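Quick notes on the structure that follows.
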Amino acid sequence: MTDKIFRVNMTDLSTSIEDVPADWAGHGGRGLTSTIVAAEVPPTCHPLGPNNKLIFAPGLLSGTTASNSGRISCGSKSPLTGTIKESNSGGTSAQRLAKMGCKALIIEGQPQDDSWYSLSLTPYGVAINKEEELVGMGNFAVVETVEKRFTDKIGILSIGQSGEMQMSAANISVKDPDSHLRSLGRGGLGAVMGSKKIKFIALDAGNSKVEIADPDAFKAANKTFTKALVDHPVSQALGTYGTNVLINIINEAGGLPTKNFTSGQFDGHEQISGETMHDLIVERGGKPKHGCHQGCVIQCSQIYNDLKGNYKTSGIEYESIWAMGADCTVDDLDQIAEMDHILDDIGIDTIETAVAFGVAMEGGVLEFGDSDEMIRIMTEEIAKGTPLGRIIGNGAASVGRTYGVTRVPVVKNQAIPAYDPRAIKGIGITYATSTQGADHTMGYTIATEILGVGGSADPLSKEGQIELSRNLQIATAAIDSTGMCLFIAFAALDDDTCLPALVDMLNARFGISLTADDVTNLGMSILKTEHAFNQAAGFTNLDDRLPEFFATETIPPHNAVWDFSAEEIDTFWNF
Amino acid sequence: MQVQVKLFAFFREGRFIKEDRELPEGCTVGEVVDTLNINREEIGVLMLNSRHCQFDTVLHEGDICAIFPVIGGG
Ligand code: SF4
C-alpha cells in the first residue's frame, strides 16, 4: 500500500487520509513524529490543550521482516517537561500501522463536551466511536474487552486511569503479542491522549502487507543484520537475564542510586538482581526469554510468575526494578513485580512514579522500604485520583514541591533514571542535554563507561564524555527513526557488518541509496529540530543543568560529585 | 593475602557468587580469572574495588575483585 497520513480532529470529530508531504517521506518513527510536532504544534501551547497534537508513527522498517524492527514512536509536547517528546515502545502496534499503510496518525483538537471516544483504524481509514463501558478501567480490562469486541489479532493503544486524569507521568500502553502490555513511557503522553478524550485506539491491518522495492536485497541484508545481532554476546546475556542483569554491575561500580540518591550502592542488590530474577522465573515455570514484538531475535523481555506459578508481570526492566527497589530501598522482587503490574494497569510510568515515591519517602509521606504502603497508595490513591495520588502521579518534581524536599532528582522536571551522574559522568551529560529531560535511552553512555562496549571511558572522569554523549545521542535519534529496538546498538557498536546491513535494508525497502553518512546526518538534523522546538518553547542553555545537590552532596562509595561546569555542558551543542 | 572474588551472571554456574581467596603476593586479576577456568575471551568487565581494571592489575590484601562476562542492558 502507498503510505498515507491518517489525521483525526477531535474538535469536530472529522477524519481524513492525506498524501505524505515530500519532505516527510524520508522520515519514520522519531524523525517523523518530531518533524510533525515541529511543523504543526505551536511550541508555547499548553500540552493538554486543543493546540497540542499526539502523533504515532511506525519506524521506517516496521512491518517488514527485518529483525527487531517493530518499535513505535509517539510524539507530542510533553506535559511533564514542556519540551518536545518522543516515546518509543515495542508491542504489535508499529507493525499493524505500517502494514495498513499508515505512515503517521496525527490526532489534533479536543472534544468540547465530556464524552469519551475510541478510534478504530483499518487500511481504509479511521472511525471515531463514543466510549462508555471502558471509562475508568485499567489497561488489562481494556485489552480484554477490546479483543472481545474485535478479535485477539487486533493491535491496541490505550490509557489507564492515570491517563484519563491527565497525570503528567501517564503512559500510553501498547498490547504485545501475548495480550500483555508494553509502554510508551516517560513524559506523560498518556495525559495528552486523555486530554483528547481517547480511551483506546484499535488497529486492524487485515491482510495488508508492506511493499519492499527490492525483496532479494532486503532478504540478504536482513540475514547479515540478524546474524550480527544474534552473535553478539550482549544479545545472549539480554535473552537470559533481561536488562536487569545491570543491577549488580551498576551497584559494583558504585553508581546505583539508592535511597533517593543518597548512596551509590544498595545492600539488597543481590535480592533484586537479574541473576536472582532469572532463577526465580525458571523455578516458577515462567519464561526468562520473551520478545516484545514478533521478529525480535534478542528477546530481553520475560514472563514473571508469582509464587504459585501464575502470571504476574512481563517485560520488567532494570530501570523499573531499580526505581521501585534500590531507590525506595525495597529488596523483594515479588513486591516489585506486583507494583510493576499495578502501574501497567493504571498506565503510569514506573521510573517517574517510583522516583516520586523515593522523594515522598524523604518528605516523610511514607517510610523507606515500605512496599505495602506503596502498593496501597498506587491502588487506593493514584488509581482513584485522590489529592496524594495526583501529587505522586504528576511526578518526582511535583512531590518535591509539595513536601518541601530539595533532593529531587529531575532534569526539566523528568525523573533521573537508574545511573547516578556523579559516579557515571557521561550519562549526566545525556541527562542534562537531552531534548526530552533526563532519559538514559537518549544517549546510553553506560555501554562505553561501564560495559566496555564501543570502546571504554572512565566513568569517574570527565574526559571524552561530552563527545561520547553527543555521538550516541545522534546515533540514537537515527536508530529511533528506523523502528529498530535500541538494543541493536550493542552489535552496531562492535560489529562492522551491522550498520551497513541496516542501511542496505532501508535502501531495499524504499528503493533509495542512502549512505552511512546520510544516516548520521539524519540523527543530527532530528536533534536540531527538537532543540529548536524547545528553544521556541522558552528553554535555554540554563535548563541543561543537573539539580544543585549533585554538585554539593558526595555519593559513596566513590564520594564523587557532579563537576562539569556550565560552559563545558554547553559545548554539547557545538555540531 | 586475602582477596574477595565476586562472580556474576553465568560465570556463577558451577562456581560461586562470592568467595574469600588466599592468593600469593603479586597475583594479578588475570591469574585469578585463569585459576577459575574462565576463558579470558569471555570476560566483559573486570573491577577492582569498584573501579574498572585490567588482566595485569596486581591485587593487594583486602581487595575486592569483580568478574563479569560481556553483558548489557539499558
Ligand atoms: S530486545 Fe527487548 S526491547 Fe528490544 S525488541 Fe526485543 S524484547 Fe523488545
Side-chain angles (χ1 to χ4, degrees), chain A residues 232-238 240-255 264-265 270 273-276 278-279 298 300 317-319 417-419 423 440-441 444-447 449-454 456-460 476 485-487 489-491 493-494 556-558, chain B residues 1-21 23 27-74:
Chain A
H232 197 277
V234 166
S235 305
Q236 290 161 13
L238 277 170
T240 308
Y241 300 103
T243 58
N244 198 32
V245 72
L246 291 176
I247 287 275
N248 278 339
I249 192 166
I250 303 298
N251 183 75
E252 191 65 28
Q265 288 180 324
E270 198 59 64
S273 68
E275 288 90 336
T276 301
H278 170 266
D279 294 349
I298 299 175
C300 76
E317 304 281 355
Y318 160 66
E319 283 75 16
Y419 315 87
H440 62 289
T441 67
Y444 194 64
T445 60
I446 305 302
E449 293 185 271
I450 300 291
L451 306 170
V453 177
S456 63
D458 178 358
L460 285 160
T476 301
C485 161
L486 202 49
F487 295 154
F490 293 105
L493 285 165
D494 280 345
H558 297 301
Chain B
M1 61 176 177
Q2 280 253 326
V3 169
Q4 186 176 78
V5 179
K6 297 184 189 174
L7 300 178
F8 297 89
F10 58 82
F11 285 169
R12 290 178 172 183
E13 283 165 24
R15 297 192 187 91
F16 55 87
I17 295 177
K18 187 158 78 173
E19 215 171 79
D20 288 326
R21 300 210 137 198
L23 299 173
C27 180
T28 65
V29 174
E31 284 160 8
V32 174
V33 170
D34 298 340
T35 57
L36 290 166
N37 283 325
I38 295 173
N39 187 338
R40 288 193 184 203
E41 302 224 316
E42 286 184 30
I43 297 291
V45 173
L46 297 168
M47 284 189 211
L48 182 65
N49 304 327
S50 291
R51 300 293 305 263
H52 289 73
C53 68
Q54 310 295 330
F55 287 119
D56 59 8
T57 305
V58 177
L59 294 162
H60 296 96
E61 171 71 29
D63 278 347
I64 299 173
C65 174
I67 302 172
F68 300 85
V70 182
I71 54 174

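Convention: sequence-line order gives letters A, B, ...; per-chain numbering from 1. Since the model is a prediction, treat every value here as computed from it, not as a measurement.
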Query raised in the report: For the candidates B:G74, B:P69, B:A9, B:G44, which exhibits the highest count of non-hydrogen atom pairs separated by less than 4.5 Å from chain A?
Result: B:G74
**Report entry** Part of A:P459 within contact of chain B (heavy atom distance under 4.5 Å)
**Finding:** side chain
Query raised in the report: Which bit of A:E252 is near chain B, if near means a heavy-atom gap under 4.5 Å: side chain, backbone, both or neither?
Result: both
Query - Heavy-atom donor-acceptor pair, B:E61 side chain to B:Q2 backbone, under 3.5 Å - result: yes
Query raised in the report: Would B:R12 and A:E270 pass as an ion pair if we require N to O under 4.0 Å?
Result: yes
Query raised in the report: So what's closer than 4.5 Å to chain A heavy atoms on B:F8: side chain, backbone, both or neither?
Result: both
Requested in this report: Look at the side chain of B:R15 and the backbone N and O of B:L36, then say whether any donor-acceptor pair between them is shorter than 3.5 Å.
Outcome: yes
Report task. Under 4.5 Å, counting heavy-atom pairs only, tell me which of A:I249, A:V234, A:L246 racks up the most with chain B. Result -> A:I249
Report summary line: If one checks every heavy atom of A:H558 against chain B at 4.5 Å, the contacting part turns out to be side chain
**Report entry** Donor-acceptor under 3.5 Å (B:N39 side chain, B:E41 main chain)
**Finding:** yes
Query - A:E317 to A:T243 - nearest heavy-atom pair and separation - result: OE1-OG1, 3.0 Å
Query raised in the report: Under the side chain to side chain contact (heavy atoms under 4.5 Å, CB included) criterion, do B:R51 and A:D458 qualify, and how do the steps go?
Result: CA-CA 9 Å; B:R51 300 293 305 263; A:D458 178 358; 3.0 Å; yes
Report summary line: Answer key: most heavy-atom pairs under 4.5 Å with chain B among A:G452, A:A237, A:G254, A:A253 is A:A253
**Report entry** Between B:I64, B:V70, B:I71, B:I17, the one whose heavy-atom pairs under 4.5 Å with chain A are most numerous
**Finding:** B:I71
**Report entry** Region of A:A447 in contact with chain B, defined by heavy-atom distances below 4.5 Å
**Finding:** neither
Report task. Specify which of A:I446, A:N244, A:L460, A:L486 makes the most heavy-atom pairs with chain B at under 4.5 Å. Result -> A:L460
Query raised in the report: Is a side-chain donor-acceptor pair under 3.5 Å present for A:Y419 with A:Y444?
Result: yes
Query - Non-hydrogen side-chain atoms of B:T28 and B:Q54 separated by less than 4.5 Å - result: no
Query raised in the report: What part of B:V45 lies closer than 4.5 angstrom to a heavy atom of chain A: side chain, backbone, both or neither?
Result: side chain
